[in-house]
Structures are given as structure tokens and as C-alpha cells.
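Computed over heavy atoms, backbone and side chain alike; hydrogens, waters and symmetry mates excluded. We're numbering straight along the sequence, starting at 1. Each ligand, and each atom within it, is numbered from 1 in the order the structure gives.
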Amino acid sequence: MKVPFLDLAPAYAELRGALDGAYRRVMESGCFVLGRELEAFEAEFAELCGTKHCVGVGNGLDALHLILRAMGVGPGDEVIVPSNTFIATWLAVCYAGATPVPVEPDPRTFNLDPNLIDAAVTGRTRVIMPVHLYGQPAEMDAVMAVAERHGLMVIEDNAQAQGARYKGRRTGGLGHAAATSFYPGKNLGAFGDGGAVTTNDHQLAERVRLLRNYGSRVKYLNEERGFNSRLDELQAALLRVKLEKLDEWNERRKIAAAAYLQAMAKIPGLTLPFVPEWSDPVWHLFVVRHAQRDKLQSELASANIGTLVHYPVPPHRSGAFCAEYSAPGFLPVAERLADSVLSLPIGPHIEQEHQLHVINVIQSFSIG
Ligand SMILES: *Cc1c(COP(=O)(O)O)cnc(C)c1O
């Protein structure tokens with residue numbers, strides 16, 4: 001038996017008719033950028049997030065970057081980011097010319113520890129950027145309270161948590177603005193790159209609209225130095241089909257996660273993901289911890305089970321940032337997590353017998 005980490009082909013198989021229809025509709029329309037499919041998708045995705053506005057952009061990194069630009073964040077400013085995130089969260093801050101200031105996570109939830117934010121705030125801090133990592137909402141009430149106390153903006157990195165709920169409210173509508181990514185492997189994945197900004201702030205949404213399209217509202221009239229970062233018509237049309245299935249497919253991920261949680265509750269040496277009572281995660285990833293992670297991963301590989309590590313090198317240890325952030329003993333929680341986390345196969349189309357195989361291999365590894 002071969003268990004892939006994630007197989008995207010069944011998504012097309014399930015939705016083939018509707019996706020092919022969307023493809024043909026766009027092809028026949030002759031309109032490929034900034035048209036009606038995008039407008040419709042923006043309205044539908046804003047509705048999901050419970051926000052007034054959505055602006056489709058080229059990818060998740062651009063979504064984060066353009067929000068920062070639209071907020072006027074730039075050189076000399078600091079942005080608080082998690083120490084254990086995908087590198088895009090940090091890079092977006094650099095693109096805007098500002099400085100990422102890492103704060104450690106609560107190792108149980110993998111999300112930004114709100115109690116550690118205060119100590120990282122300086123006179124230059126402008127924004128806190130929590131990430132809903134692995135599909136689980138960050139502790140947003142506490143983050144918003146710190147932000148309010150210091151007069152800071154909050155940008156959610158919602159790339160991994162489309163559809164998740166925090167105290168009953170959808171992520172993407174909890175901060176001042178949110179960025180998301182439609183990279184194919186995300187819960188709401190396109191068939192190529194894509195991203196979006198969601199917000200209730202009309203002015204901010206209009207600024208992002210300007211920035212994504214060369215700083216132009218009217219063709220060839222460029223009000224400022226913008227960028228080219230638009231979600232194209234084809235991706236928007238295909239995403240509309242997938243958006244209709246998002247809640248159902250997230251439910252399937254929840255069932256798969258519940259099966260893992262139940263079957264592996266008593267395995268010695270294995271730490272399972274922790275879900276606080278206010279959290280309704282969407283299981284973008286199912287991340288366990290194990291002291292012998294590398295050995296466990298190769299054992300699973302020998303049994304033809306695909307796993308990944310999210311992420312093996314924390315941003316501050318990467319070639320992109322280590323020159324400025326390499327002090328010894330710096331960010332020990334992020335480093336410990338990088339050495340012990342392992343992502344098991346999960347997705348809306350994972351097969352039950354595949355999960356059983358994963359569980360069996362982990363069980364015999366741990367019990368010997
Ligand atoms: C995927 C991802 C991004 C970036 O999205 P892209 O569309 O690949 O640019 C940003 N932050 C997090 C947490 C992500 O997982």
C-alpha cells in the first residue's frame with residue numbers, strides 16, 4: 001500500500017463537470033483578468049469570512065505584502081511575527097521595507113503566545129501578524145487586546161485556515177485585515193497560484209485594489225507606484241466551484257483528524273495536536289511531535305507513507321535571515337518544534353485504510 005502525503009488528483013475527479021464548465025465559460029468569455037468571475041468570487045469569499053470586502057491578488061505572499069503597504073508600513077517599522085511559521089510571513093514584512101520581530105509560540109497550540117507579545121513591542125512596532133498555523137485559529141481575543149493596548153494593527157495570516165472558526169467566528173474576519181493563499185495544497189486551493197485580502201475596512205480594501213493593479217483605478221492613469229498582482233479569471237472561476245465545497249471538505253478533514261486523535265491517544269512518546277475549547281480548526285495539516293522524529297519519519301517512509309516537516313528550518317535559521325537573527329539560544333521553542341514536528345497525511349480525500357496503515361506503523365514503531 002502506498003499512502004501519499006497529499007493527492008490533489010481526486011479533487012478534480014470529484015468536481016470535473018463543474019470545473020470543466022467554469023473553464024469553458026472563461027475561455028468563451030474572452031476576458032481573463034479583472035472581470036466578472038473575480039468580482040463574483042470576491043463577494044463569495046468575503047461572505048465566507050464574514051467581511052465586507054475581499055480583494056483577489058496573485059498569491060498569499062503578495063496579499064500579506066500589499067496589506068502592509070496599504071497600511072503605510074515601511075522602513076523603520078517593526079512587525080511582530082511568529083518564530084515558527086512559513087517564511088512568507090517574514091518575507092512580506094521585508095518586502096514592505098519593515099523589520100520582522102519574532103515572538104515564540106505556545107508549543108501546545110503551535111500558535112503565537114499572546115503573553116509574550118508585550119515584551120516584543122517597541123516604539124517602532126506597527127503591526128502584529130498572527131498565523132492560524134496548520135489550520136487552527138490563533139488566540140485572537142488576547143492578540144487583539146494587546147494590539148489595542150499599544151495602538152497596533154492586526155493582520156491575520158489566514159493562508160492555512162480557510163473556513164476555520166474562533167469562538168464561532170470565521171478566521172479571515174477577526175483582525176483589521178487578513179491575507180490568504182490559494183496555493184494548490186491549501187484547504188481552498190486553486191489550480192495554480194492565487195491569494196486574497198479580506199477586511200471590513202473600506203479604505204484599506206480600496207488601497208489594496210489600487211496596489212494590485214499598477215496603482216491604477218482608471219486604465220493608464222497611475223496614481224502611485226503599484227504592483228501587478230491579480231487573481232486571474234480562470235483561477236477565480238475554478239475557485240468558485242471549490243468554495244462551494246469548502247465546508248464539506250473541511251468536515252471530511254475533521255473526521256480524518258478525529259480518527260487519528262482517537263486511535264493514537266495512548267501511544268508513548270507521541271504528542272498529538274491540542275485543540276483549545278474555543279477553537280474549531282480545519283486541519284490543513286495534522287502535526288504530531290515525537291522525540292525521535294527523524295527515525296519515525298524514515299520508518300513511515302519504508303512503509304510507503306509520505307510525511308513532511310512543517311517546517312524543518314525556522315525562518316531565523318534560514319539562509320534568508322540567519323545573518324541578522326543568529327544569536328545562540330535565540331528562539332528555542334521554534335527550534336525545538338522544528339526538530340520534533342511531523343505532518344501526517346490528511347486531506348478531504350484521504351482513504352480510511354490509508355489512515356489505518358499510518359496508525360499501525362506509528363503504533364508498532366512506538367511500542368517496538
Ligand atoms: C502558503 C502560505 C503563505 C504564502 O502563500 P503563497 O500563495 O504561497 O504565496 C503565507 N503564509 C503561510 C502561513 C502559508 O502557509
What protein heavy atom sits nearest [atom], and how far off is it?
atom	result
atom 8 (O) of ligand 1	Ser181 OG, 4.1 Å
atom 2 (C) of ligand 1	Lys186 NZ, 2.7 Å
atom 9 (O) of ligand 1	Leu61 N, 2.9 Å
atom 15 (O) of ligand 1	Gln160 NE2, 2.8 Å

Review point. Between Thr171 (side chain) and Ala161 (backbone), is there a donor-acceptor pair under 3.5 Å?
Key: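 The answer is yes, because a donor-acceptor pair under 3.5 Å joins these two groups.
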Practice item. Indicate yes or no for a side-chain donor-acceptor contact from Asn187 to the backbone of Leu246 under 3.5 Å, with no hydrogens or angles considered. Key: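 Such a contact is absent between Asn187 side chain and Leu246 backbone.
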Point to revise | Axial cation check for Phe191 ring with Lys242, 6.0 Å and 45° limits | key: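 The answer is yes, since Lys242 meets both limits relative to Phe191.
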Review point. When you measure from the centre of the six-membered ring of Phe41, is the NZ or CZ of Arg240 under 6.0 Å away and within 45° of the axis?
Key: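 Not flagged: Arg240 not positioned over aromatic ring of Phe41.
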**Study point:** Ring geometry between Trp90 and Phe321 (parallel below 30°, tilted from 30 to 60°, perpendicular above 60°)
**Key:**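 It falls in the perpendicular class, over 60°.
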Review point. Would you call the rings of Phe86 and Tyr311 parallel, tilted or perpendicular if under 30° counts as parallel and over 60° as perpendicular?
Key: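 Tilted: the ring planes of Phe86 and Tyr311 meet at 30° to 60°.
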Check your understanding: Can Glu139 and Arg108 be counted as an ion pair, charged N to O under 4.0 angstrom?
Key ->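 Salt bridge: no.
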For ligand 1, find out whether one of its N or O atoms is nearer than 3.5 Å to an N or O atom of [X].
X	result
Thr85	no
Asp157	yes
Val131	no

**Study point:** Which of the ligand 1 atoms, numbered from 1, are nearer than 4.0 Å to a heavy atom of Ala88
**Key:**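 So the atoms of ligand 1 that pass are 3 (C), 4 (C), 10 (C).
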Exercise for review: Under 4.0 Å from a heavy atom of Asn59: give me the atoms of ligand 1 that qualify, with their elements.
Suggested key: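 Once the distances to Asn59 are compared, the set is 7 (O), 9 (O).
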Check your understanding: Can you tell me if His284 has a non-hydrogen atom under 4.0 Å from ligand 1?
Key ->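 No; His284 lies far enough from ligand 1 that no heavy-atom distance drops under 4.0 Å.
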